[in-house]
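Okay, so here's the structure we're looking at.
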Amino acid sequence: MRVKTAVLISGRGSNLKSLIAACAKPDFPAEIALVFCNVEGAGGVAVAQAAGIPTKVISHRGFGSREDFDRAIDAALREANIQLVCEAGFMRIHSDWFAREWEGRLLNIHPSLLPAFKGIRVHQQALDAGVKISGCTVHFIVPELDSGPIIAQAAVPVLPGDTAETLAARVLEEEHKLYPNALKLVAEGKVKLEMGQAVFI
Ligand code: GAR
């Protein structure tokens with residue numbers, strides 16, 4: 001039985017595309033059973049539809065609180081019998097309730113070598129700091145933003161003349177390899193969140 005996985009997106013969905021490609025392999029331990037998006041008309045929804053994956057679009061606008069919106073996400077995940085959630089460019093901060101509810105079953109990809117450069121405008125933060133290496137991180141989500149235990153990372157050089165856009169493109173290529181590998185590890189049970197730590201088996 002493959003692990004029923006949902007991907008949460010807000011945008012163009014290039015990471016979603018790489019996860020779909022990985023899940024298309026017959027021996028991959030996860031399947032994407034739902035793509036959830038909070039932005040009407042986001043490109044990633046069309047990516048999912050083209051692959052024949054069920055989609056659910058619910059805008060966060062109009063909900064009274066973060067938790068109210070998260071309860072709508074939770075209902076969609078439960079309705080689809082989701083076991084594991086991958087956030088891929090999902091640009092909403094969760095309520096503590098949601099992070100706890102899905103603890104250990106909630107992954108995110110972030111375009112920096114965490115714990116450096118959390119939040120937004122990540123590549124500009126890296127350029128402003130003058131780092132010579134940047135990269136991407138897949139981690140378990142915990143209530144504190146971009147702070148959960150690390151599952152996998154990949155590094156890229158920061159080159160002279162880089163802009164936020166050129167660096168983002170270099171990092172994104174690595175994201176597309178890293179996220180499927182990290183999902184595989186979690187879906188196979190080779191890494192677990194235990195007592196607040198990523199434990200590798
Ligand atoms: C990716 O670079 C991802 O790491 C980043 O958004 C982009 C989404 O691109 N996520 C975050 O910044 C989350 N804090 P995509 O829609 O093409 O996958």
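Here the structure is a predicted model, which is why all the values come from computation and not from measurement. Throughout, residue positions are numbered sequentially from 1 according to the sequence presented.
Cluster membership check: I150 does not share its hydrophobic cluster with L185, using side-chain heavy-atom separations under 4.5 Å among Ile, Leu, Val, Met, Phe, Trp and Tyr. Tracing side-chain contacts under 4.5 Å through hydrophobic residues (I, L, V, M, F, W, Y), one never reaches L34 starting from V186; they form parts of separate clusters. Hydrophobic clustering, with ILVMFWY side chains joined whenever heavy atoms are under 4.5 angstrom apart, keeps I58 apart from V35. With hydrophobic clusters built from ILVMFWY side chains whose heavy atoms lie under 4.5 angstrom apart, L77 does not share a cluster with V3. Linking ILVMFWY side-chain heavy atoms closer than 4.5 Å, directly or via other members, places I9 and Y179 in a single hydrophobic cluster.
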Could you give me the CA-CA distance, side-chain angles and deciding distance for D74 and R78, then say whether salt bridge (charged side-chain N to carboxylate O under 4.0 Å, His left out) is met? CA-CA 6 Å; D74 179 71; R78 291 187 192 283; 3.0 Å; yes
Would you sort out whether V171 and H123 count as a side chain to side chain contact (heavy atoms under 4.5 Å, CB included), showing the intermediate values? CA-CA 9 Å; V171 170; H123 303 295; 3.9 Å; yes
Going through the distances and angles, do V45 and Q49 end up as a side chain to side chain contact (heavy atoms under 4.5 Å, CB included)? CA-CA 6 Å; V45 175; Q49 285 166 345; 3.7 Å; yes
Taking it one step at a time, do V85 and L8 satisfy side chain to side chain contact (heavy atoms under 4.5 Å, CB included)? CA-CA 7 Å; V85 179; L8 271 52; 3.6 Å; yes
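Smallest separation of non-hydrogen atoms from P180 and E175: CD-O, 4.1 Å. Closest non-hydrogen pair, H110 versus G119, comes out as CE1-O, 3.4 Å. Heavy-atom minimum distance, A42 versus S10: CB-O, 3.6 Å. In this structure, G196 and P149 approach most closely via the heavy-atom pair O-CG, 3.2 Å. Minimum heavy-atom separation, A88 to I109: CA-CG2, 4.2 Å. Scanning all heavy atoms of the two residues, the minimum distance from C23 to L183 falls at SG-CD2, 4.4 Å.
Counted by atom type alone, S14 and H176 present one or more donor-acceptor pairs between their side chains at under 3.5 Å. S59 and N38 share no donor-acceptor pair across their side chains, judged by distance under 3.5 Å alone. A side-chain N or O of H94 and one of E87 form a donor-acceptor pair less than 3.5 Å apart.
F98 places none of its side-chain heavy atoms less than 4.5 Å from the side chain of I141. Looking only at side-chain heavy atoms (C-beta outward), L167 and E165 stay at 4.5 Å or farther from each other. A heavy-atom distance below 4.5 Å is found between the side chains of T5 and C86. A 4.5 Å side-chain heavy-atom check between K4 and L84 finds every atom pair outside the cut-off. The shortest distance between side-chain heavy atoms of P157 and K132 does not fall below 4.5 Å. The shortest distance between side-chain heavy atoms of N108 and F140 does not fall below 4.5 Å. Contact check for H139 versus L114: side-chain heavy atoms found under the 4.5 Å cut-off. When side chains are defined from C-beta on, L172 counts as touching N15, because their heavy atoms get closer than 4.5 Å.
Ion pairing of E67 with R71 is present here, as a side-chain N (NZ or NE/NH1/NH2) and a carboxylate O approach within less than 4.0 Å. Between K192 and E194 there is no salt bridge, since none of the side-chain N atoms of the basic residue sits less than 4.0 Å from a carboxylate O of the acidic one. A salt bridge does not link R170 to E174: none of the charged side-chain nitrogens sits closer than 4.0 Å to a carboxylate oxygen.
Of the inter-residue distances, the one linking R105 atom CZ with L107 atom CG reads 11.5 Å to the nearest 0.5 angstrom. Between D70 atom CG and D96 atom CG the span is 10.0 Å, to the nearest 0.5 Å. Between the OG atom in S134 and the CG atom in L159 there is a gap of 11.5 Å [rounded to 0.5 Å]. Atom NE2 of H60 and atom CD1 of I93 lie 11.5 Å apart (nearest 0.5 Å). Between the CG atom in L16 and the CD1 atom in I20 there is a gap of 4.0 Å [rounded to 0.5 Å]. Note that CG of L113 is 5.0 Å distant from CD of Q153, once rounded to the nearest 0.5 Å.
Heavy atoms from other residues, nucleotides or ligands lying under 6.0 Å from NZ of K190 number 12 at most. Residue E173 qualifies as open at atom CD: its count of foreign heavy atoms under 6.0 Å is 12 or below. Heavy-atom contacts from other residues, nucleotides or ligands closer than 6.0 Å to CG of L145 number more than 12.
Taking the six-membered ring for Trp and thresholds of 30 and 60 degrees, F36 and F90 have ring planes more than 60 degrees apart, a perpendicular arrangement.
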